[in-house]
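Here's the structure, in structure tokens; my notes come after.
What you see is a predicted model; the values in this text were computed from it and never measured.
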Amino acid sequence: MRYKCIKEMCLPRCDGDGFEIPNEYGFVEIGSVWERYDRRNLIGGDVHLDSLNDNSDFGWVETSFEEFGENFELIE
């Protein structure tokens, strides 16, 4: 299923192993499109989303169910 971001989020960046990189942050922009993929969990989030945007600060993000419900809406 695909979702659109409806509220900008500032999140810490992670390295290839899923560890936060100190003092490095990126943005999930309003209107960006993401695909939900529940079979993958890299850093312990409830919801895993893969970016479908070429210009995204992130290739993927993970959020809690609460953040997901507040920041994303179903589009497909």
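- Here Tyr3 and Phe68 bring their ring centres to under 6.0 angstrom of each other.
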Inset, instruction - Report the C-alpha distance between Ser51 and Phe58 in whole Å, list the side-chain angles of each, state the deciding distance to 0.1 Å, and finish with yes or no for side chain to side chain contact (heavy atoms under 4.5 Å, CB included). - result: CA-CA 7 Å; Ser51 176; Phe58 299 99; 5.8 Å; no
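- A pairwise comparison of heavy atoms in Arg36 and Leu49 identifies CA-CD2, 3.6 Å as the closest pair.
- Here the CZ-SG distance, from Phe19 to Cys14, works out to 9.5 Å after rounding to the nearest 0.5 Å.
- Put simply, CH2 on Trp34 and OG1 on Thr63 are 10.5 Å apart, with the number rounded to the nearest 0.5 Å.
- Distance alone, capped at 3.5 Å, places no donor-acceptor pair between the Asn53 side chain and the Ser32 backbone.
- The nearest pair of heavy atoms linking Val61 to Val28 is CG1-CG2, 4.0 Å.
- Glu35 contributes atom CD, which lies 10.0 Å from atom NE2 of His48 (distance to the nearest 0.5 angstrom).
- The hydrophobic cluster containing Leu11 also contains Val47, counting ILVMFWY residues as joined when their side-chain heavy atoms lie under 4.5 angstrom apart, directly or transitively.
- To the nearest 0.5 Å, the span separating CD on Glu70 from CE on Met9 amounts to 9.0 Å.
- Side-chain contact check for Ile30 versus Lys7: every heavy-atom pair is 4.5 Å or farther apart.
- Residue Glu73 qualifies as enclosed at atom CD: its count of foreign heavy atoms under 6.0 Å is above 12.
- Ile75 and Lys4 get closest at one heavy-atom pair: CG2-CB, 3.8 Å.
- Within the 3.5 Å criterion, the main-chain N or O of Phe65 finds a donor-acceptor partner in the side chain of Asp46.
- Distance check: Asn23 CG to Arg13 CZ gives 13.0 Å after rounding to the nearest 0.5 Å.
- The two residues Gly45 and Glu62 come nearest to each other via the heavy atoms N-OE1, 2.9 Å.
- The two atoms that bring Phe27 and Cys10 nearest to each other are CE2-CB, 3.7 Å, heavy atoms only.
- Atom CE of residue Met1 and atom CG of residue Leu74 lie 6.0 Å apart, to the nearest 0.5 angstrom.
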